[in-house]
Amino acid sequence: MGENRFMQEAIELACENVRAGKGGPFAALVVKDGTVVACGVNLVTSTNDPTAHAEIVAIREACRALATFQLTGCEIYTTCEPCPMCMGAIYWARPSKVWFAATRADAARAGFDDAFIYEQLCLKPEERAIPAERLTCEQALAPFDEWARKTDKLRY
């Protein structure tokens with residue numbers, strides 16, 4: 001099965017990433033029509049970028065390679081169940097399927113626990129550990145009004 005081949009490739013990339021000291025033990029591939037169009041490894045610590053998770057890196061590279069902002073018809077193979085940030089990016093990218101190997105519980109046992117973020121997302125913004133508060137202003141909707149008037153917009 002192709003799925004196993006792609007997952008094995010992703011797992012080897014994750015192991016290489018750990019050995020190279022580039023970041024965490026995660027990797028992801030974006031596959032279209034049986035061909036890998038992009039791959040990504042966790043680069044958080046080597047790039048000082050908290051968003052440089054493997055899935056995000058792979059999605060960015062795949063979108064560049066395919067010259068599109070949506071990964072329609074693609075599948076993502078990731079070595080671990082995606083975190084909330086990566087799931088958000090995956091849903092915006094709209095691949096047809098995500099395959100993952102390890103679970104978020106496996107990741108938590110290795111020191112990568114996202115439970116706190118899942119819990120925070122369920123709270124009201126002002127009750128979160130990093131509180132968020134709406135700052136009302138007269139022009140708050142101006143960008144949406146501009147968007148509504150734009151006749152040549154590219155919906156996503």
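If you read the sequence from its start, that first residue is 1, and numbering goes on from there.
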Report the distance from atom [atom1] of [X] to atom [atom2] of [Y], rounding to the nearest 0.5 Å.
X    : Y    : atom1 : atom2 : value
F100 : D106 : CZ    : CG    : 9.5 Å
L66  : L71  : CG    : CG    : 6.5 Å
Q70  : Y156 : CD    : OH    : 10.5 Å
L13  : C39  : CG    : SG    : 5.0 Å

Can you find a pair of side-chain heavy atoms, one from [X] and one from [Y], that are under 4.5 Å apart?
X    : Y    : answer
P82  : M87  : yes
E9   : L29  : yes
V57  : V41  : no
P95  : I90  : yes
C83  : H53  : yes
F112 : C80  : no
L121 : L123 : no
E16  : R19  : yes

Whether [X] side chain and [Y] backbone form a donor-acceptor pair below 3.5 Å:
X    : Y    : value
E81  : R104 : yes
S96  : C74  : yes
K153 : W147 : yes
D113 : A108 : no

Considering all heavy atoms of both residues, which atom of [X] and which atom of [Y] are nearest to each other, and what is their separation?
X   : Y    : result
I56 : C86  : CG1-SG, 3.9 Å
G34 : R5   : O-NH2, 3.8 Å
A27 : A14  : CB-N, 3.5 Å
F69 : R155 : CZ-O, 3.8 Å
T45 : G23  : OG1-CA, 3.6 Å
I59 : V30  : N-CG2, 4.4 Å

Check whether the side chains of [X] and [Y] place a donor and an acceptor atom closer than 3.5 Å, and report yes or no.
X    : Y    : result
Q120 : Y118 : no
T35  : D33  : no
E55  : T78  : yes

Discussion item. Is it the case that atom CZ in R149 sees more than 12 heavy atoms from other parts of the structure closer than 6.0 Å?
Written reply: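 Count over threshold, so yes.
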Practice prompt. Would you indicate whether K124, at its atom NZ, is surrounded by more than 12 heavy atoms from other residues, nucleotides or ligands within a distance under 6.0 Å?
Written response: no
Worksheet item: With respect to Y77, which candidate in I11, V31, V36 satisfies the side-chain contact (heavy atoms from CB on, under 4.5 Å) definition?
Response: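 Only one of I11, V31, V36 forms a side-chain contact (heavy atoms from CB on, under 4.5 Å) with Y77, namely V31.
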Discussion item. Please determine whether a side-chain nitrogen of the Lys or Arg among E133 and R128 lies less than 4.0 Å from a carboxylate oxygen of the Asp or Glu.
Written reply: no
Discussion item. Are L154 and W92 linked, directly or through intermediate hydrophobic residues, by side-chain heavy-atom contacts shorter than 4.5 Å (ILVMFWY only)?
Written reply: yes
